[in-house]
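Quick notes on the structure that follows.
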Amino acid sequence: MDFAERVYGIVRAVPAGFVVTYGQVAALAGFPRRARHVGQALGKCPADVPWQRVVGAGGSVRVQPAERQLELLRAEGVVILSTRVDLRRFQWRPGPLAFA
DNA sequence: CCGATGACTCACG
DNA sequence: CCGTGAGCCATCG
């Protein structure tokens with residue numbers, strides 16, 4: 001299982017209406033220092049991967065143009081506060097058995 | 001092989 | 001809040 005595959009598996013596990021950060025995904029994948037590569041992998045991910053649910057640390061959107069991602073997130077109920085996702089309420093925390 | 005690149009992050013001013 | 005700079009590291013040309 002390579003890095004990208006793990007990333008896709010993790011992102012697919014994020015429920016609609018929630019988001020995770022690049023660094024968080026990298027850590028969950030077992031590679032805490034590869035936040036940048038999460039983005040690289042998402043750039044060419046399969047269609048069934050909800051890439052819009054991955055944002056930068058602090059809730060910032062790094063995708064250009066950002067409007068596209070913001071639109072998809074709003075559509076699933078995520079509240080955007082002036083170009084930033086309200087992580088306080090929408091960051092997903094994997095439960096103990098999320099990946100067992 | 002090597003340097004440039006980048007959907008990152010953090011510290012500082 | 002904004003810009004800078006420095007670590008980071010796989011991928012690309």
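Proteins get letters first, then strands, A, B, ... in listed order; numbering begins at 1 in each. Basis for what follows: all heavy atoms, side chains included, without hydrogens, waters or symmetry-related copies.
In this structure a side-chain-to-backbone donor-acceptor pair under 3.5 Å is missing from A:Gln91 to A:Gly59. Distance alone, capped at 3.5 Å, places no donor-acceptor pair between the A:Gln40 side chain and the A:Ala4 backbone.
Under 4.0 angstrom from either OP1 or OP2 of C:dA10 there lies at least one side-chain N or O belonging to A:Arg34.
Residue contacts shown for A:Gly43 include a base, since a base heavy atom lies under 4.0 Å away.
Remark: A:Arg53 fails to qualify as a cation-pi partner of A:Phe18 under the 6.0 Å distance and 45° angle criteria applied to the six-membered ring.
Where A:His37 and A:Thr21 each meet DNA chain B at their nearest nucleotide, the meeting point lying more 5' is that of A:His37.
Put simply, CD on A:Gln40 is 10 Å from C1' on B:dA7, counting in whole angstrom units. Here the C1' atom of nucleotide C:dA6 and the CZ atom of A:Arg33 are 15 Å apart, to the nearest Å. In this structure, A:Arg6 atom CZ and C:dA10 atom P are separated by 14 Å, rounded to whole Å. Between the NZ atom of A:Lys44 and the P atom of C:dA10 there is a distance of 13 Å, given to the nearest Å. Atom-to-atom, CZ of A:Arg36 to P of B:dT9 comes out at 10 Å; the value is rounded to the nearest Å. Whole-Å rounding puts the A:Tyr22 OH to C:dC8 C1' distance at 16 Å. Per the geometry, CD belonging to A:Gln52 stands 13 Å off C1' belonging to B:dA7, to the nearest Å. Between A:Gln24 atom CD and B:dT9 atom P the separation is 10 Å, expressed in whole Å.
Between A:Val25 and A:Ile10, the closest heavy-atom pair is O-CD1, 3.8 Å.
When each of C:dA10, B:dT9, B:dA7 is scored by its nearest atom to the side-chain atoms of A:Ala57, the top-ranked nucleotide is B:dT9.
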